[in-house]
Amino acid sequence: MTTTHETTIGLRKAAAAKTRAAALVIGVTKTAKGVQPAPGPSEDVAKAYGRSFAATVKALGVKGEVGDVTKLPGGDAVKADVIAVVGLGDADDDLSLETLRRATGAAVRALSDSATIAVALPADTPERIRAIGEAVLLGGYSFTRYLSADQPKPVEEVVLLTDLARNKSAQEALAIALVVGRAVNTARDWVNTPAGDLDPTRFADDAVALAKGSDVRVSVLDEDQLARQGYGGILGVGQGSDRPPRLVTLSYQPKRKKAKTHLALVGKGITFDSGGLSIKPAAGMMTMKCDMSGAAAVAAAVFAIAELGLPIRVTGYAALAENMPSGKATRPGDVLAMYGGKTVEVLNTDAEGRLVLADAIATASETAPDLIVDVATLTGACVVALGTRISGVMSNDEELLETVPTIAERAGEAMWPLPISAEKAEKVKSSKIADLMQHDVERYGGALFAAAFLREFVGEGIPWAHLDIAGPAFNDGSPWGYTPKGGTGAAVRTLIQLAAERANSTG
Ligand code: BES
Ligand code: MN
Ligand code: ZN
């Protein structure tokens with residue numbers, strides 16, 4: 001049993017119908033003859049319910065669509081007060097882990113007022129247990145810190161009913177799920193915290209505080225140190241704000257064996273993006289507290305990788321600044337001297353993310369890591385290209401461009417490759433007065449231009465992938481599956497999965 005927030009999550013081998021709980025979650029699939037209970041414990045519950053189960057779910061209009069939740073009174077059939085029937089999609093399709101996660105997340109979201117929840121979904125492999133475990137935490141998330149009224153009590157206990165309750169791999173799978181789920185929720189908390197409260201200093205302080213009692217070493221460069229070391233990008237973006245920028249480095253090294261591979265993670269950490277002097281219209285600014293989602297993902301992932309004790313060296317960089325207009329702000333037309341010496345002509349102060357990332361990517365390159373991955377809510381253009389549920393992947397390495405989306409998929413996240421065109425790469429170098437041009441006046445292909453710019457700061461011969469999470473980082477719409485409103489924790493699971501797979505493949 002492990003406790004998180006106030007919810008205890010554990011495995012139990014028990015008959016679903018005889019399990020005492022406020023709510024019992026079962027799954028149904030769509031068939032030609034109407035909905036059917038999913039194989040396993042859901043079937044047992046339907047049987048205990050009796051012959052009226054089929055008629056009841058039909059009368060209630062249960063369709064079995066993934067994530068649809070319908071509540072039935074438990075009655076005398078089961079020991080739970082409520083049965084939550086969740087759709088698992090087509091019976092003919094193999095039940096994917098993502099379907100299981102979405103269904104679990106939707107069910108837990110619908111049962112936030114239940115003190116205890118028993119989950120009787122197919123949990124017959126460690127992989128499925130991990131998927132359900134993660135989704136319980138992700139779907140159960142809510143951000144209530146700023147609500148003054150009495151809050152409904154959080155769910156006290158969730159038990160996953162499984163025959164594998166005493167199986168070591170199943171228990172390990174749940175333990176991993178809890179670390180991963182908590183990491184995503186940590187990133188969500190950071191993103192959801194209003195920018196008025198979360199400035200670069202506070203974010204850095206939070207990272208330092210989290211490092212206590214973990215195997216992560218955190219160091220922070222303040223504005224004076226940044227100035228002495230020539231961090232023109234981070235300082236140039238941060239100088240319009242009264243609240244100074246920070247560069248936070250989070251280092252983890254496995255204890256037992258020296259790691260064979262070194263992964264560098266770089267996150268965009270704009271605690272608020274007003275656009276600066278190239279100010280955004282009101283509507284575009286509304287969600288811009290989310291502009292530190294990349295840094296939140298990187299920091300949360302490094303702590304999780306350390307907690308999991310993965311045999312890989314990881315260094316995370318959170319490039320933190322607040323992008324504000326003021327008499328001190330960088331002007332369009334100004335030239336910044338970036339970390340490492342390259343000069344950049346700033347043409348639009350709202351294209352600030354690439355400036356802070358450039359400094360951090362150049363810093364990461366100095367340690368010659370085996371791979372650099374940066375994560376950023378970088379461009380609206382990427383959202384235009386891929387929508388709000390798919391992140392863009394750009395890279396200087398053909399193989400990474402293919403593998404990163406597949407790694408993301410295994411982690412339960414959607415990412416898609418985009419090219420860095422020669423045309424954009426050329427434009428980046430077309431400034432008349434500086435080494436590089438920061439902004440392309442042509443709107444089209446803005447995600448590619450930004451990536452072409454970043455690539456200039458990657459050290460010679462270092463494989464690099466850039467994740468543009470501008471779409472998925474913040475859910476402006478309704479909650480769905482295990483995705484809440486607000487901060488989503490995008491990329492956290494992919495970064496952990498990437499570290500785990502790299503650690504494995506290099507021994
Ligand atoms: N933080 C924004 C990108 C963004 C947009 C994130 C929507 C999340 C949702 C970024 O700093 C930005 O302002 N980008 C500009 C770049 C442009 C000026 C070249 C954009 O996309 O409009
Ligand atoms: Mn911007
Ligand atoms: Zn931004």
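Only a predicted model underlies this, so the values are computations on that prediction, with no experimental measurement involved. Just follow the structure's listing: the first ligand is 1, and inside any ligand the first atom is 1.
- The nearest protein atom to atom 14 (N) of ligand 1, hydrogens excluded, is given as L378 O, 3.5 Å; this is a heavy-atom distance.
- Side chains of Q239 and T330: a donor on one and an acceptor on the other come within 3.5 Å.
- Aromatic ring pairs are classed by plane angle as parallel below 30°, tilted from 30° to 60° and perpendicular above 60°; the pair F143 and Y146 is tilted.
- Not a single N or O atom of T379, backbone or side chain, sits closer than 3.5 Å to an N or O atom of ligand 1.
- Among protein heavy atoms, atom 17 (C) of ligand 1 sits closest to H439 CE1, 4.2 Å.
- There is no protein heavy atom closer than 4.0 angstrom to atom 22 (O) of ligand 1.
- Each of R109, E134, E98 was scored for a side-chain hydrogen bond (donor to acceptor under 3.5 Å, both in side chains) with Y482, with one residue passing: E98.
- Among all non-hydrogen protein atoms, the one lying nearest atom 15 (C) of ligand 1 is D350 O, 4.0 Å.
- Rounded to 10°, the angle that OD2 of D273 and OE1 of E352 form at the Mn ion (ligand 2) is 100°.
- Annotation: atom 20 (C) of ligand 1 to nearest protein heavy atom, G380 N, 3.8 Å.
- In M286, neither the side chain nor the backbone holds a heavy atom less than 4.0 Å from any atom of ligand 1.
- In summary, K280 and D273 engage in a salt bridge, as defined by a charged side-chain N under 4.0 Å from a carboxylate O.
- Checking N475 against T488 by side-chain atom types alone, no donor-acceptor pair falls below 3.5 Å.
- For the 3.5 Å distance criterion, the side chains of D370 and H262 fail to qualify, holding no donor opposite an acceptor.
- The aromatic rings of F457 and F453 lie tilted to each other, with the angle between the two planes from 30° to 60°.
- Closest protein heavy atom to atom 2 (C) of ligand 1: D273 OD2, 3.6 Å.
- The Zn ion (ligand 3) has K268 among its coordinating residues (N/O/S atom, backbone or side chain, under 2.8 Å).
- For atom 4 (C) of ligand 1, the closest heavy atom belonging to the protein is M288 CE, 3.9 Å.
- Ranking protein heavy atoms by distance to atom 18 (C) of ligand 1, first place goes to N348 ND2, 3.5 Å.
- Among the backbone and side-chain atoms of D350, none of the N, O or S atoms lies under 2.8 Å from the Zn ion (ligand 3).
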